[in-house]
Number of protein chains: 2
Amino acid sequence: MKIVSQRTGLSPHVVRAWEKRYGAVEPNRSGTNRRLYSESDIARLNLLHALTRAGHSIGQIGTLSTAQLQELTKKTIGNENGLGHFPDGDQLERDEAAWDDEMNGAIDQHLAAALDACRRMDQAKLEAVLSRAIVRLGYSGIIERLAGPLITTIGEEWHEGNMTVAQEHAATVTIRAFIEKHVRQYPISHGGPTIVITTPAGQIHELGAFLATAVAKKAGWNVVYLGASLPAAEIVGAVVQSGASALALSISYPADDPDLPMELLTLRQLAGDDLNVFAGGRSAHAYARALQESNIALIADLGSLRQKLLSLRGHQPTPSA
Amino acid sequence: MKIVSQRTGLSPHVVRAWEKRYGAVEPNRSGTNRRLYSESDIARLNLLHALTRAGHSIGQIGTLSTAQLQELTKKTIGNENGLGHFPDGDQLERDEAAWDDEMNGAIDQHLAAALDACRRMDQAKLEAVLSRAIVRLGYSGIIERLAGPLITTIGEEWHEGNMTVAQEHAATVTIRAFIEKHVRQYPISHGGPTIVITTPAGQIHELGAFLATAVAKKAGWNVVYLGASLPAAEIVGAVVQSGASALALSISYPADDPDLPMELLTLRQLAGDDLNVFAGGRSAHAYARALQESNIALIADLGSLRQKLLSLRGHQPTPSA
DNA sequence: CATTTCTATTCAATATATAGACAATGTTTG
DNA sequence: CAAACATTGTCTATATATTGAATAGAAATG
């Protein structure tokens, strides 16, 4: 099945090799010898994939029971969102740095390939690059380390005239579609608090906000996403109507909009002092003073946003309307 | 049979092949051996179609019971909300007119529910409504009979001030995400001709163009989708760079942009006379004269677009750069 | 009579399966 | 240290399956 390859990020070759060499999974066969994978087969492959990425050799773990694998995952990788590396596994500490270097190199390669695809307006190619990258970087990695930097770069190239508007648009919609497709796998968290995400009036690039929605969903928030360029009154209206307890704004271009500070002040006045408001993005720092005056927290990057949302959710488990 | 084809998005050939090879549906026959499909047959075909687009092979799922299919759909595509009712009263083709009325009634209901969700900015609800509709209306139906009218209505409500910008935005991104997820996932057709789809400068609503990409992909075209609001020079640049042999423009709001006619003329001048250019959308007819002067074909609706693209591809199998 | 549907058959493009080889890396041994 | 070996992802070659689409002739429809 091709789905298996897509859902595990492993090439069909590898999946078959693992089966043949280590009996990692033994799917049923159809009458004509096709492999038929069950959900649990796929889950097991994902486990194995995660563990091999964490440094375990497939030969060692391929024959373990699924329960043992889960045990091992908990011990080695920990609980998923924690960033802290715990290098007390036997084999990990050695080349932590080297591994990191390699990872950064890989990201650079992916970035270059993606940029090239954008320049040639080859949307299929760009999607292929992203797909290949998600295998290596994982879900959060692709958002925070590939897609994020990519749109920043594209924005700059566009701003400096090295990229046409059409190229920028083509890239935007493709990245958006890709994230859309993969974000979807995370269910809506019904109990979680709600956050409104958008960009203020005049801010025309929506991708930053879009990536933020992915991060927020992953962090267990209920997201109302409104796209780009909304006036303050509209934003506050949406916050009130949805009963959101937080608001995130993306600010990328332009970086020198004289109207934006006033817009932010208006926003704060209309919303009252209780609403948590964040702002991030390529040019957010350019409005640092305005943000401070409006009591809006400046978020450095998507990783920080995730941290912030996680801790906020911890302290404030139920949304207050 | 033709109706079935339209409502499922499957070609008559495929429907017969599925019946013959896998017994996917076994419609009753008229006295003269014509196939008579029931409502539930069509719903079942829609289910199968959705699942094959999601990657399941028809050979594996074609013989499953309808209940199993629904189960599978829930698991793979993930609709937390029940999938459309199957009309189990076995009313085969009893009365064309009555049936049509009922269908229109169903669509109206869906439309009303969707609009309500948009008003309350309940994105989850809106998605639920769309999900429920897709089995009944099918691939083409959801685009041409639900999503299309829905965005038109939203546009009008917004234009008349009955809907806020935030509501309009929220609806737009949700519909866009839904189409992306359920409908647009078609394999890239290598070898097919290429079409560029976008909206001209000043046209801020992208959804019409977005739906058009779904139609074009289904019709076997290679699509370069550029989102909203591009100047003529950029559009032509994209056409040249991608080697496209056609261009489709969506025109919805505003309906009285004094600059648009000039923009269209410029477009035609830059592109030369050989490029096939279409325009459609809520307000396209308002620019009928400008379109004619620029030699741009006016497309009435998405169904016409599909027809047009199919015939064009037939006569012009290889794209000329 | 033009159009549509039906059956039956064929075609071509992908996907998948098996077996084996290979390269890069790391490990053990002499 | 070098040679031999083990591990593991990737690649090739070839055969078979799958599946959407195409074709042709007969029957039905309007």
Side-chain angles (χ1 to χ4, degrees), chain A residues 1-6 8-37 45 48-49 51-63 90-92 94-95 98-99 102 105-106 124 132 135-136, chain B residues 1-6 8-37 45 48-49 51-63 93 96 139 186-192 217-222 307 310 313-314 317-318:
Chain A
M1 281 264 215
K2 191 163 133 198
I3 318 186
V4 173
S5 170
Q6 279 180 9
T8 61
L10 297 163
S11 81
H13 273 315
V14 170
V15 175
R16 281 190 285 262
W18 284 7
E19 175 184 340
K20 184 178 172 185
R21 291 171 180 160
Y22 326 106
V25 287
E26 311 224 307
N28 289 15
R29 298 298 187 113
S30 77
T32 56
N33 207 23
R34 294 289 141 102
R35 290 175 175 84
L36 297 175
Y37 292 90
L45 283 173
L48 288 169
H49 189 199
L51 284 169
T52 52
R53 265 184 313 193
H56 286 87
S57 79
I58 182 61
Q60 292 299 316
I61 61 176
T63 57
D90 351 338
Q91 0 179 340
L92 277 183
R94 182 165 316 174
D95 34 24
W99 179 82
E102 183 198 318
R132 217 174 320 123
V135 173
R136 221 188 170 84
Chain B
M1 180 42 123
K2 199 175 192 173
I3 308 265
V4 170
S5 169
Q6 278 179 12
T8 60
L10 298 162
S11 80
H13 273 317
V14 169
V15 175
R16 281 190 284 262
W18 284 8
E19 174 184 340
K20 183 179 177 182
R21 291 173 180 160
Y22 325 107
V25 288
E26 312 224 307
N28 288 34
R29 299 298 186 114
S30 76
T32 58
N33 207 23
R34 295 289 132 106
R35 291 176 175 83
L36 297 176
Y37 292 90
L45 284 173
L48 289 169
H49 190 196
L51 283 169
T52 52
R53 279 199 312 269
H56 285 88
S57 77
I58 181 62
Q60 290 300 318
I61 61 175
T63 58
E93 306 263 320
E96 186 76 6
Y139 162 87
Y186 274 96
I188 322 122
S189 68
H190 285 293
K217 275 193 180 177
K218 181 70 209 304
W221 286 65
N222 209 338
Q307 301 277 339
L310 282 173
R313 191 183 55 146
T318 39

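In the text below, chain A, chain B and the rest are named by the order of the sequence lines, each starting its count at 1.
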S.K.: What is the distance from CG of A:L48 to P of D:dG9, rounded to the nearest Å?
M.R.: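 Roughly 11 Å, once rounded to whole Å.
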S.K.: Do A:W18 and A:T52 come within less than 4.5 Å of each other through their side chains, counting heavy atoms only?
M.R.: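 When only atoms from C-beta onward are counted, A:T52 and A:W18 do touch, with a gap below 4.5 Å.
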S.K.: Let me know the distance between CD1 of B:I61 and P of D:dT19, rounded to the nearest Å.
M.R.: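 These atoms are roughly 9 Å apart.
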S.K.: With sequence neighbours excluded, give me every salt bridge (charged side-chain N to carboxylate O under 4.0 Å, His left out) pair touching residues 25-34 of chain A.
M.R.: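 Sorted result for residues 25-34 of chain A: A:E19-A:R29.
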S.K.: Find the distance A:L36:CG to C:dT16:C1' and express it as a whole number of Å.
M.R.: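 It is 12 Å, rounded to the nearest whole Å.
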S.K.: Between CD1 of A:I58 and OG1 of A:T63, what distance do you get to the nearest 0.5 Å?
M.R.: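 Nearest 0.5 Å value for the CD1-OG1 distance: 9.0 Å.
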S.K.: Counting only side-chain heavy atoms from C-beta out, which of C:dT18, D:dG20, D:dG9 sits nearest to A:I58?
M.R.: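 Of all the options, the side chain of A:I58 is nearest to D:dG9.
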S.K.: Does the side chain of B:K2 get closer than 4.0 angstrom to OP1 or OP2 of C:dT5 through an N or O atom?
M.R.: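 Indeed not, no polar side-chain atom of B:K2 lies that close.
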S.K.: Between C1' on D:dT19 and CD on B:Q60, what's the gap in Å once rounded to a whole number?
M.R.: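 In whole Å, D:dT19 C1' and B:Q60 CD are 13 Å from each other.
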S.K.: Strictly below 4.0 Å: does A:N33 bring a side-chain N or O up to OP1 or OP2 of C:dT18?
M.R.: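 So the side chain of A:N33 is within the cut-off, an N or O lying under 4.0 Å from OP1 or OP2 of C:dT18.
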S.K.: For C:dT5, does either OP1 or OP2 sit under 4.0 Å from a side-chain N or O belonging to B:R35?
M.R.: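 Looking at the OP1 and OP2 atoms of C:dT5, neither is under 4.0 Å from any side-chain N or O of B:R35.
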S.K.: In this structure, how many angstroms lie between the P atom of D:dT8 and the CG atom of A:L10, rounded?
M.R.: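 Rounded to whole Å, this separation is 14 Å.
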S.K.: Is the phosphate of D:dT19, meaning OP1 or OP2, less than 4.0 Å from a side-chain N or O of B:R16?
M.R.: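 The answer is no; no side-chain N or O of B:R16 sits under 4.0 Å from OP1 or OP2.
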S.K.: In whole Å, I'd like the distance from the CG atom of A:L51 to the C1' atom of D:dT8.
M.R.: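 Going from A:L51 (CG) to D:dT8 (C1'), I get 16 Å.
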S.K.: Give me the atom names and distance for the closest heavy-atom approach of B:S11 to B:S5.
M.R.: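 Smallest interatomic distance, heavy atoms only, reads CA-OG, 4.1 Å.
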S.K.: At under 4.0 Å between heavy atoms, how does the protein contact nucleotides 21-30 of chain D? Give one character per nucleotide, 5' to 3', with B, S or -.
M.R.: BBB---BSS-
S.K.: In whole angstrom, what separates B:K20's NZ from D:dG20's P?
M.R.: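 Going from NZ in B:K20 over to P in D:dG20 covers 14 Å.
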S.K.: Rounded to the nearest 0.5 Å, how far does NZ of B:K218 lie from CG of B:L10?
M.R.: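 Rounded to the nearest 0.5 Å, the CG-NZ separation comes to 6.0 Å.
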S.K.: Answer yes or no: does a side-chain N or O of B:R53 lie under 4.0 Å from OP1 or OP2 of D:dG20?
M.R.: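 Looking at the OP1 and OP2 atoms of D:dG20, neither is under 4.0 Å from any side-chain N or O of B:R53.
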S.K.: Whether B:Y22 contacts D:dT19 is assessed here as follows: a side-chain N or O lying under 4.0 Å from the phosphate OP1 or OP2. Is that the case?
M.R.: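 The answer is yes; a side-chain N or O of B:Y22 sits under 4.0 Å from OP1 or OP2.
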S.K.: For residues A:Y37 and A:P27, report the shortest heavy-atom separation together with the two atoms involved.
M.R.: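 Here A:Y37 and A:P27 meet closest at CE2-CG, 3.6 Å.
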S.K.: Tell me the closest heavy-atom pair linking B:I61 and B:H56, and the distance in Å.
M.R.: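 Scanning both residues completely, I find the closest heavy atoms to be CG2-CB, 3.9 Å.
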S.K.: When the distance from CZ of A:R29 to P of D:dT16 is rounded to whole Å, what number comes out?
M.R.: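 The answer, rounded to whole Å, is 16 Å.
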